[in-house]
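Comments concern the structure below.
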Amino acid sequence: MRVRRNKRFHAEIAASALSDIMFFLLLFFLIISTLANPNVIKLMLPKARTTATTDKAHTSVSVLVMEDETKQYFIDKVPVTYEELESKLAEQVQKTGDNTVIVRFPYNCLAQDMVDLLQVGERLKLKFVIAVSKQ
């Protein structure tokens with residue numbers, strides 16, 4: 001019986017070391033990207049160089065953050081709870097007939113609180129204007 005030898009040369013690339021390096025690079029970039037993007041986003045409220053004023057009286061919603069992190073909401077300086085904010089705001093807008101609402105957030109207000117309040121305005125189809133303070 002004749003044994004055939006395979007004498008043809010087969011070119012090979014040792015890829016096992018490359019896959020290890022790629023795995024370590026992927027792991028490195030995942031860890032670095034996690035450290036570079038913290039969960040808390042610092043959001044600075046905008047400051048205006050000039051203060052443009054309006055002559056028309058609009059409904060005003062203010063948020064006040066207390067020292068114990070609780071929030072108080074005011075509609076035209078009348079305190080309301082967050083649960084009744086939507087109904088009172090709809091009532092106020094219907095009474096005045098103006099759907100423009102001026103919103104005042106303190107500098108230490110969380111972005112989630114702003115988003116929650118802006119979602120109330122979105123549900124009521126209101127135009128929210130964020131009031132800013134002069135620098």
Side-chain angles (χ1 to χ4, degrees):
M1 179 174 182
R2 186 174 171 191
V3 177
R4 294 183 75 189
R5 291 186 179 176
N6 190 3
K7 293 185 177 184
R8 296 182 75 187
F9 177 74
H10 295 285
E12 292 181 6
I13 298 175
S16 61
L18 293 176
S19 64
D20 290 344
I21 291 172
M22 291 300 291
F23 175 73
F24 283 120
L25 283 174
L26 178 69
L27 193 62
F28 172 76
F29 285 119
L30 283 175
I31 291 171
I32 292 300
S33 65
T34 304
L35 294 176
N37 294 326
N39 293 332
V40 177
I41 299 172
K42 283 191 170 185
L43 179 66
M44 299 299 293
L45 292 178
K47 300 274 185 183
R49 292 192 178 147
T50 62
T51 54
T53 59
T54 178
D55 297 334
K56 193 174 178 182
H58 299 288
T59 304
S60 173
V61 174
S62 300
V63 179
L64 181 65
V65 178
M66 305 302 287
E67 290 181 11
D68 59 348
E69 304 285 330
T70 59
K71 293 155 206 73
Q72 292 183 346
Y73 297 91
F74 298 91
I75 296 177
D76 288 336
K77 299 181 182 177
V78 176
V80 294
T81 62
Y82 181 77
E83 290 78 22
E84 62 185 14
L85 180 71
E86 186 171 351
S87 61
K88 296 278 185 180
L89 193 57
E91 205 174 278
Q92 182 74 18
V93 167
Q94 191 175 22
K95 188 170 65 177
T96 60
D98 184 20
N99 64 349
T100 302
V101 177
I102 298 173
V103 183
R104 290 180 173 83
F105 294 108
Y107 71 94
N108 56 354
C109 185
L110 296 177
Q112 185 61 48
D113 297 330
M114 292 192 311
V115 170
D116 291 342
L117 189 57
L118 295 177
Q119 284 178 342
V120 169
E122 182 67 26
R123 283 194 295 267
L124 296 175
K125 307 285 186 209
L126 299 175
K127 294 178 189 173
F128 273 176
V129 177
I130 299 176
V132 294
S133 59
K134 189 175 179 182
Q135 288 179 340

Give the cluster check for [X] versus [Y]: same hydrophobic cluster or not, with ILVMFWY residues linked at side-chain heavy-atom distances below 4.5 Å.
X	Y	answer
Val120	Leu110	no
Leu85	Val115	no
Val61	Val129	no

| field | Least distance between heavy atoms, Leu117 atom then Phe128 atom | value |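 In terms of heavy atoms, the two residues are closest at O-CE1, 3.2 Å.
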
| query | Which residues pass the salt bridge (charged side-chain N to carboxylate O under 4.0 Å, His left out) test with Lys127, sequence neighbours left out? | reply |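 Applying salt bridge (charged side-chain N to carboxylate O under 4.0 Å, His left out) to Lys127 gives none.
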
| query | side-chain contact (heavy atoms from CB on, under 4.5 Å) between Leu89 and Leu126: does it pass, once the steps are laid out? | reply | CA-CA 10 Å; Leu89 193 57; Leu126 299 175; 3.7 Å; yes

| Looking at residues at least two apart in the chain, or sitting in another chain, which of them share a ring-ring contact (aromatic ring centres under 6.0 Å, His included) with Tyr73? |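 Partners of Tyr73 under the ring-ring contact (aromatic ring centres under 6.0 Å, His included) test: Tyr82.
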
| request: Look up atom CD in Glu84 and atom CD1 in Ile75, then write down how far apart they are to the nearest 0.5 Å. | output: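 CD1 of Ile75 is found 8.0 Å from CD of Glu84.
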
| field | Spacing of OG belonging to Ser87 relative to CD belonging to Gln92, to within rounding of 0.5 Å | value |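 If we round to the nearest 0.5 Å, Ser87:OG and Gln92:CD are 11.5 Å apart.
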
| request: Kindly give the cluster partners of Leu30, where membership spreads through any ILVMFWY side chain lying under 4.5 Å from a current member. | output: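 Leu26, listed by chain and number.
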
| message | Tell me if the CD atom of Gln94 is crowded by more than 12 foreign heavy atoms within 6.0 Å. | response |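 Atom CD in Gln94 is not packed in, count stays at 12 or less.
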
| task | With sequence neighbours left out, write down each residue that passes side-chain hydrogen bond (donor to acceptor under 3.5 Å, both in side chains) with Thr81, or none if nothing qualifies. | result |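 Thr81 satisfies side-chain hydrogen bond (donor to acceptor under 3.5 Å, both in side chains) with no other residue.
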
| request: Name all pairs fulfilling the salt bridge (Lys or Arg N to Asp or Glu O under 4.0 Å) condition that reach into residues 87-113, sequence neighbours left out, sorted by first residue then second. | output: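 Sorted result for residues 87-113: Lys71-Asp113.
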
| task | Please lay out, stage by stage, how Val101 and Val103 fare under the test side-chain contact (heavy atoms from CB on, under 4.5 Å). | result | CA-CA 6 Å; Val101 177; Val103 183; 4.3 Å; yes

| Is a side-chain N or O of Asp76 found less than 3.5 angstrom from the main chain of Thr59, in a donor-acceptor match? |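 Checking the backbone N and O of Thr59 against the side chain of Asp76, no donor-acceptor pair under 3.5 Å is found.
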
| request: Mind jotting down which residue pairs meet the side-chain hydrogen bond (donor to acceptor under 3.5 Å, both in side chains) criterion with at least one end in residues 114-125? Sequence neighbours excluded, please. | output: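 Those involving residues 114-125 are Glu86-Arg123, Gln112-Asp116.
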
